[in-house]
2 protein chains.
Amino acid sequence: MNTMDDMEPLGLFPDPRLSGIDGLVGFHIRLASAAVYQHFTETFSDLGLTQKQVAVLWLIEDQPGIAQADIGRRLKMDRASVMAIVNRMQDRGFVQRGASSQDRRRQTLSLTESGHASLELARGCIAEHEKWLKDRFTPAETAMLVELLRRVYV
Amino acid sequence: MNTMDDMEPLGLFPDPRLSGIDGLVGFHIRLASAAVYQHFTETFSDLGLTQKQVAVLWLIEDQPGIAQADIGRRLKMDRASVMAIVNRMQDRGFVQRGASSQDRRRQTLSLTESGHASLELARGCIAEHEKWLKDRFTPAETAMLVELLRRVYV
DNA sequence: GAAAAAATGTGAGTGACACATACAATGTTG
DNA sequence: CAACATTGTATGTGTCACTCACATTTTTTC
């Protein structure tokens with residue numbers, strides 16, 4: 001009976017492709033990123049961690065003693081933003097700063113016990129989140145998508 | 001000799017860093033989106049417009065009289081965020097609010113002369129920005145990328 | 001070896017925009 | 001009419017991007 005039950009009472013939405021804005025690749029990347037971020041924050045509402053914060057914790061566990069500047073380069077963030085995140089993670093007791101023996105400008109970063117535990121919890125949420133995302137694609141499509149996206153930021 | 005346990009279907013990845021954070025699709029979407037946003041802001045440094053602001057102007061020009069709630073649904077933003085952007089665009093003289101004759105809860109939005117002019121300038125920058133982005137892909141790849149991304153947010 | 005340049009961390013400030021919450025006015029529906 | 005949903009508005013909080021400025025330390029250059 002009902003063909004395409006549009007959810008809008010006023011029915012103000014014509015075909016989404018009518019607007020020229022849908023012809024922009026950047027627009028779709030933006031919307032997809034927003035959708036992923038949205039689902040991420042829902043999944044992580046209990047832990048209270050953002051994508052960036054998890055990424056930073058992850059990197060620090062992967063490479064203990066990593067410097068803030070390295071994190072910035074890895075995640076394409078400027079130093080000020082990295083510092084803000086590290087400060088927050090330090091305030092919450094997940095990360096500790098230490099002195100570097102080689103380069104006295106640097107601070108070596110490492111996770112605390114609490115940081116390791118939180119990241120372990122986070123990994124479970126990430127697995128769930130990634131499943132939600134990857135279920136849309138075949139393995140080949142996933143590989144294709146990652147390869148195309150990689151061309152954008154490398 | 002079976003060393004890959006359902007990780008990758010084929011050796012499509014030249015990078016060996018697929019374990020860890022690089023194995024997450026969401027991570028790549030995030031990085032790509034950040035790179036696009038970064039280039040966008042560079043291209044638009046003269047105009048002083050963000051992606052969202054341009055998108056809102058674009059939608060209003062496309063559908064004069066559109067309501068804020070419609071914009072929110074179209075761009076996946078909540079009402080408060082839409083209002084903040086419309087306020088900013090109104091303060092800068094690009095957008096004007098008007099009363100709706102059908103529904104007195106609604107405000108019809110339309111562009112001012114200045115708004116049309118700014119959007120026209122913006123379109124030039126967008127073309128340049130999109131070229132920067134699309135030059136990485138063949139037309140078929142672009143279509144593929146958009147199709148895959150669309151699955152994420154619809 | 002000293003001066004210049006670069007890298008690193010830090011701080012303060014601004015801006016964008018997500019979230020949540022609450023409220024008033026208006027429509028819609030039982 | 002009463003109950004509910006929608007729309008716009010206002011307010012506050014949090015994240016994180018940008019910038020500029022500054023001190024320290026390392027590296028490069030002369």
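In what follows, every chain begins at residue 1, and chains take the letters A, B, ... in the order their sequences are listed.
As rounded to whole Å, 13 Å separates atom C1' of C:dT21 from atom CE of B:M83. The CZ-P distance, from A:R74 to C:dT8, rounds to 16 Å in whole Å. As a whole-Å value, the separation of B:D78 CG from C:dA16 C1' is 13 Å. What separates CD of A:E42 from C1' of C:dA20 is a distance of 14 Å, to the nearest Å. In this structure, B:R104 atom CZ and D:dT6 atom C1' are separated by 15 Å, rounded to whole Å. Between the C1' atom of C:dA16 and the CG atom of B:N87 lies a distance of 13 Å, rounded to the nearest Å. Counting to the nearest Å, the P atom of D:dA17 and the NE2 atom of B:H39 are 19 Å from each other. The CE-P distance, from A:M77 to D:dT15, rounds to 13 Å in whole Å.
Counted by atom type alone, B:D103 and B:S100 present zero donor-acceptor pairs between their side chains at under 3.5 Å. Under the 3.5 Å distance criterion, with hydrogens and angles disregarded, a donor-acceptor pair is assigned to the side chains of B:Q90 and B:R97.
Taking the nucleotide of DNA chain C with the nearest heavy atom to each of B:Y37 and A:I66, the more 5' of the two is matched to A:I66. When the nearest nucleotides of DNA chain D are assigned to A:D103 and B:Q68 by heavy-atom distance, the more 5′-ward of the two goes with B:Q68. Toward the 5′ end of DNA chain D lies the nearest nucleotide of A:G48, the other residue of the pair A:G48 and A:A80 mapping further downstream.
Dashed line: the shortest gap from a side-chain N or O of A:Q53 to OP1 or OP2 of D:dG14 is not under 4.0 Å. The side chain of A:T41 contributes no N or O atom lying less than 4.0 Å from OP1 or OP2 of C:dA18. Distances shorter than 4.0 Å separate some side-chain N or O of B:R73 from OP1 or OP2 on D:dT7. The phosphate of D:dA17 (OP1 or OP2) has no side-chain N or O of A:R79 nearer than 4.0 angstrom. Phosphate contact (OP1/OP2 of D:dT9, side-chain N/O of B:Q107, threshold under 4.0 Å): present. For D:dA17, the OP1/OP2 oxygens have a side-chain nitrogen or oxygen of A:S81 closer than 4.0 Å. Distances shorter than 4.0 Å separate none of the side-chain N or O atoms of B:K76 from OP1 or OP2 on C:dA18. For C:dT26, the OP1/OP2 oxygens have no side-chain nitrogen or oxygen of B:Q102 closer than 4.0 Å. Listed pair A:Q51 / D:dT15 fails the phosphate criterion, with no side-chain N or O lying under 4.0 Å from OP1 or OP2. Proximity of B:R106 to the phosphate of C:dG27: no side-chain N or O atom is located under 4.0 Å from OP1 or OP2. For A:Q38, a side-chain nitrogen or oxygen approaches OP1 or OP2 of C:dC19 to under 4.0 Å. Proximity of A:T50 to the phosphate of D:dG14: no side-chain N or O atom is located under 4.0 Å from OP1 or OP2.
Within the 4.5 Å cutoff, no side-chain heavy atoms of A:L119 are placed close to those of A:H116. For the pair A:V95/A:L111, a side-chain contact is recorded, criterion being any heavy-atom separation below 4.5 Å from C-beta on.
Between A:H39 and A:W132, the two ring planes are parallel [angle under 30°; tilted spans 30° to 60°].
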Inset, instruction - Show the numbers, then the answer: is there a salt bridge (charged side-chain N to carboxylate O under 4.0 Å, His left out) between B:D70 and B:R106? - result: CA-CA 10 Å; B:D70 296 325; B:R106 290 181 167 231; 3.1 Å; yes
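Within 4.0 Å (heavy atoms only), A:A69 reaches sugar-phosphate atoms of the nucleic acid but no base atom.
Checked by distance alone, B:R105 brings no side-chain donor or acceptor within 3.5 Å of a matching partner on the base of D:dG8.
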